[in-house]
Amino acid sequence: MGIQWYLRHLPCFKLHSLVPYFFPNHISMFIMIKSCFVCFGYICTMVLPVFLDMYHINTTVFCVYVCIFVQYNDIAMLSSAVTVRDALNQALDEELERDERVFLLGEEVAQYDGAYKVSRGLWKKYGDKRIIDTPITEMGFAGIAVGAAMAGLRPICEFMTFNFSMQAIDQVINSAAKTYYMSAGLQPVPIVFRGPNGASAGVAAQHSQCFAAWYGHCPGLKVVSPWSAEDAKGLLKSAIRDDNPVVFLENELMYGVPFEMSEEAQSKDFLLPIGKAKIERQGNHVTLVSHSRMVSLCLDAAAVLAKEGIECEVINMRTIRPLDAEAIETSVMKTNHLITVEGGWPQFGVGAEILARIMEGPAFNFLDAPAVRVTGVDIPMPYAKILEDNSIPQIKDIIFSVKKTLNV
Amino acid sequence: MRNMLAIISNVLRGTASRNGAELVSEGARVVVSARTYADFTPQASFDIKKCDVHKLEEGPPLQAVLTREEGLQYYRTMQTMRRMELKSDQLYKQKIIRGFCHLYDGQEACAVGIEAGINLTDHLITAYRAHGYTLTRGGTVREIMAELTGRRGGIAKGKGGSMHMYTKHFYGGNGIVGAQVPLGAGVALACKYLGKNELCVCLYGDGAANQGQIFETYNMASLWKLPCIFICENNKYGMGTSVERAAASTDYFKRGDFIPGLRVDGMDVLCVREATKFAAEHCRSGKGPILMELQTYRYHGHSMSDPGISYRTREEIQEVRSKSDPISMLKDRMLSNNMASVEELKEIDVEVRKEIEDAAQFATTDPEPPLDDLCNHIFYNDPPMEVRGTNPWTKLKSVS
């Protein structure tokens with residue numbers, strides 16, 4: 001009952017004699033599978049043994065190739081997993097195609113394919129008019145983007161990281177966020193500011209700040225912070241279709257992380273509503289509220305705690321402003337304990353706002369212990385790995401905080 | 001004898017008033033029209049000052065043709081602007097207008113001349129000294145003054161104030177010095193993108209001219225050949241700092257470096273118009289941006305909180321008023337070329353005064369915006385949402 005038996009029972013058995021003509025060697029076959037992974041995902045699992053036999057590859061060699069292949073590509077070869085980067089790329093592509101007025105500008109977005117490759121392939125497809133490389137002049141090009149939005153276009157303004165948005169923050173707040181109000185509804189500003197936010201790895205103090213709290217402070221802005229690939233795609237599409245200024249906070253460390261995308265999520269009209277949180281994991285003992293990369297840590301911590309019988313409810317905020325306080329309150333009224341987890345600094349941060357709202361709202365009376373925050377350490381980000389690792393929340397910090405809150 | 005003359009004049013005057021003022025003015029109107037064809041020069045050519053140029057082969061023409069209709073229209077608009085600003089000064093001193101109020105009187109030729117050189121379908125953006133442009137871009141005096149007094153009939157429903165007035169293709173009124181320049185280039189980018197052969201006029205002052213973001217904008221506008229006319233309204237003072245104390249180079253028309261520039265007499269409406277037409281032609285032909293420096297002067301201080309005499313002398317202000325006032329210049333030109341009569345211009349003055357009085361009346365009696373409007377206009381095209389009030393128990397409603 002080896003490969004030969006399996007071969008005889010395959011539906012495409014008849015075709016396999018043609019294969020050597022199309023795929024002269026096993027490398028080209030792997031490349032073919034890679035480029036059509038979605039469709040071929042299922043077929044490959046059936047057809048693969050054919051090729052293994054044909055090219056006389058034994059199982060060991062095959063496994064080695066798979067490992068190298070998966071390592072090289074950031075997509076799992078034989079599943080429908082999509083990285084956050086590719087989900088963002090899909091969202092951009094689909095929205096550029098759908099509406100002529102949408103265009104992307106920023107540093108290195110066109111010919112370089114994007115500093116983090118998020119806009120890979122878009123310049124080749126849409127050209128200079130829709131994908132614009134700018135000089136290194138944030139205040140200037142952010143202002144130009146806002147002006148274009150005022151005059152009827154729908155720009156996506158990329159900041160290479162949100163640290164550089166500080167150079168342009170006046171245009172984001174005073175020219176974009178406040179204008180619809182100041183004009184009493186005469187002048188909308190349909191713009192998206194996007195880029196990586198928060199800590200990366202080894203980039204030190206000036207390149208690691210989280211701006212969720214700063215932008216979340218201002219009325220007139222919507223501030224979105226996706227976690228998964230599905231979040232990234234659905235929320236970016238909604239942000240682009242939104243007629244208001246949206247600050248879209250991505251995360252560099254999440255770009256390469258693959259997530260399963262449902263059929264629905266892969267459609268061209270897949271949208272996620274801005275302002276609605278998602279419960280990633282149900283639980284009864286404590287509510288963990290988080291956004292962006294920290295959601296991963298919360299889920300990991302929850303998995304560890306589950307082994308000890310502590311069931312955490314993990315809420316992925318998805319949007320910083322408008323904050324889905326109702327989802328958090330409903331959860332707290334169920335679990336009676338609240339911990340917020342964020343990468344940013346504690347003072348006047350996202351967690352501080354959530355805790356204040358819980359204090360002021362109906363959920364306060366349901367708390368069995370003070371609500372607490374797990375945050376980045378209140379220091380500029382250091383460089384040395386050991387110092388950096390200890391500057392942001394780790395899984396053990398979340399577990400420790402849960403146990404303290406539950407008094408176990 | 002004197003008695004008899006007095007009686008006769010009374011009778012004549014009585015007759016006139018018995019016929020009714022309407023009849024008299026109707027008669028006058030008839031008389032005026034009759035005079036138009038017979039007596040007034042329909043158009044005349046005027047010599048205008050030569051513009052200094054930078055990176056240009058030639059500048060705008062040295063002669064401008066002015067028709068009677070144009071002349072009367074420019075006169076009316078400039079006079080309306082002047083009286084509106086002076087009325088605002090009064091209302092501010094009566095504390096009916098509050099906060100910021102940056103007045104434009106003295107600079108009328110700039111706004112009127114620029115508008116004469118472009119179309120209403122073109123776009124314009126300026127800084128905070130914006131009342132004049134709001135008017136030329138289609139705003140009414142009523143709406144503008146009601147916005148200054150913060151009433152619901154204001155052009156921004158009372159929510160913007162002096163510095164935040166908007167109309168179609170007019171993007172304000174911007175409070176942050178220099179921020180409007182990249183915005184204007186963005187509007188120009190949209191014009192080019194949408195291919196409608198429109199351009200954007202982007203104004204800033206001599207104080208703003210030193211802002212870094214303006215140089216960033218020059219770079220991108222030039223690189224991408226955006227149809228943008230950058231205009232520096234040089235009124236010699238950035239708040240209280242004279243140009244010599246603020247800029248290492250006061251040749252603002254050259255500061256665009258690789259962008260061609262013109263230095264224009266901003267007190268002469270015809271000079272401004274011809275320069276704007278020249279600049280518009282340059283942009284529309286796809287050559288990219290161009291820069292104009294308008295040398296002008298403001299009679300008021302920087303804003304209503306600045307008397308305007310601590311950094312300049314009363315004599316200087318008086319000299320400009322007597323020698324270079326834009327409205328007087330136009331008036332003299334028209335009268336000396338028989339393009340209008342003194343009475344006609346006086347009549348325009350009277351009409352303008354009435355319009356301003358009506359507007360001021362409206363602006364002082366119109367009610368303030370309703371409190372329900374407090375939280376509206378946060379987001380566009382969004383379902384109604386709740387906004388936190390000053391305390392946790394106060395929940396306010398916001399609709400788009």
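Worth knowing before you read on, the calculation uses all heavy atoms, side chains too, and leaves out hydrogens, waters and symmetry mates. Naming convention: chains lettered A, B, ... in sequence-line order (proteins, then strands); numbering from 1 in each chain. Note that the structure is predicted; figures quoted are calculated from it, not measured.
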What's the shortest heavy-atom distance between [X] and [Y], and which atoms?
{"X": "B/Ile155", "Y": "A/Leu186", "value": "O-CD1, 3.4 Å"}
{"X": "A/Ala151", "Y": "B/Leu194", "value": "O-CD1, 4.3 Å"}
{"X": "A/Gln187", "Y": "B/Tyr171", "value": "OE1-CD2, 3.3 Å"}
{"X": "A/Ala148", "Y": "B/Leu189", "value": "CB-CD2, 4.2 Å"}
{"X": "A/Leu221", "Y": "B/Phe379", "value": "O-CZ, 3.5 Å"}

Does [X], at its [atom1] atom, have more than 12 non-hydrogen atoms belonging to other residues, nucleotides or ligands within less than 6.0 Å?
{"X": "A/Glu360", "atom1": "CD", "answer": "yes"}
{"X": "B/Phe215", "atom1": "CZ", "answer": "yes"}
{"X": "B/Phe100", "atom1": "CZ", "answer": "no"}
{"X": "B/Arg388", "atom1": "CZ", "answer": "yes"}
{"X": "A/Tyr112", "atom1": "OH", "answer": "no"}
{"X": "A/Lys125", "atom1": "NZ", "answer": "yes"}

Between [options], who has the most heavy-atom pairs with chain B when the cutoff is under 4.5 Å?
{"options": "A/Val146, A/Asn174, A/Asp243", "result": "A/Asp243"}
{"options": "A/Gly275, A/Ala184, A/Pro322", "result": "A/Ala184"}
{"options": "A/Ala149, A/Pro219, A/Gly220", "result": "A/Gly220"}

Considering only heavy atoms, which portion of [X] lies under 4.5 Å from any heavy atom of chain A: side chain, backbone, both, or neither?
{"X": "B/Ile378", "result": "both"}
{"X": "B/Ile125", "result": "neither"}
{"X": "B/Trp224", "result": "side chain"}

Point to revise | From NE2 (B/His123) to CE (A/Met150), nearest 0.5 Å | key: 13.5 Å
Check your understanding: Atom OG of A/Ser183 and atom NZ of B/Lys159: how far apart are they, to the nearest 0.5 Å?
Key -> 9.0 Å
Exercise for review: Tabulate, in ascending numerical order, the residues of residues 127-136 of chain A having at least one heavy atom closer than 4.5 Å to a heavy atom of chain B, or enter 'none'.
Suggested key: A/Lys129, A/Arg130, A/Ile132, A/Asp133, A/Thr134, A/Pro135
Check your understanding: Which residues in residues 153-172 of chain A have any heavy atom lying under 4.5 Å from a heavy atom of chain B?
Key -> A/Leu153, A/Asp170, A/Gln171
Point to revise | Test side-chain hydrogen bond (donor to acceptor under 3.5 Å, both in side chains) applied to A/Asp324 - qualifying residues, sequence neighbours left out | key: none
Using a 4.5 angstrom heavy-atom cutoff, name the option from [options] with the most pairs to chain A.
{"options": "B/Gly154, B/Ala190, B/Pro369", "result": "B/Ala190"}
{"options": "B/Ala185, B/Cys200, B/Ala221, B/Ala179", "result": "B/Ala179"}
{"options": "B/Thr217, B/Leu223, B/Asn376", "result": "B/Asn376"}

Study note, to complete from the structure: Bottom line for A/Lys222: the part with an atom under 4.5 Å from chain B's heavy atoms is both
Check your understanding: If we only count heavy atoms from C-beta on, is the B/His164 to A/Lys178 side-chain gap below 4.5 Å?
Key -> no
Check your understanding: Do any N or O atoms from the side chain of A/Tyr180 and from the backbone of B/Ser400 form a donor-acceptor pair under 3.5 angstrom?
Key -> yes
In a table with atom names and distances, give each donor-acceptor pair under 3.5 Å that connects a side chain of residues 97-104 of chain A to protein atoms at least two apart or in another chain.
unit_1, atom_1, unit_2, atom_2, d
A/Asp99, OD1, A/Arg101, N, 3.0
A/Asp99, OD1, A/Arg101, NE, 3.1
A/Asp99, OD2, A/Arg101, NE, 3.4
A/Asp99, OD2, A/Arg101, NH2, 2.9

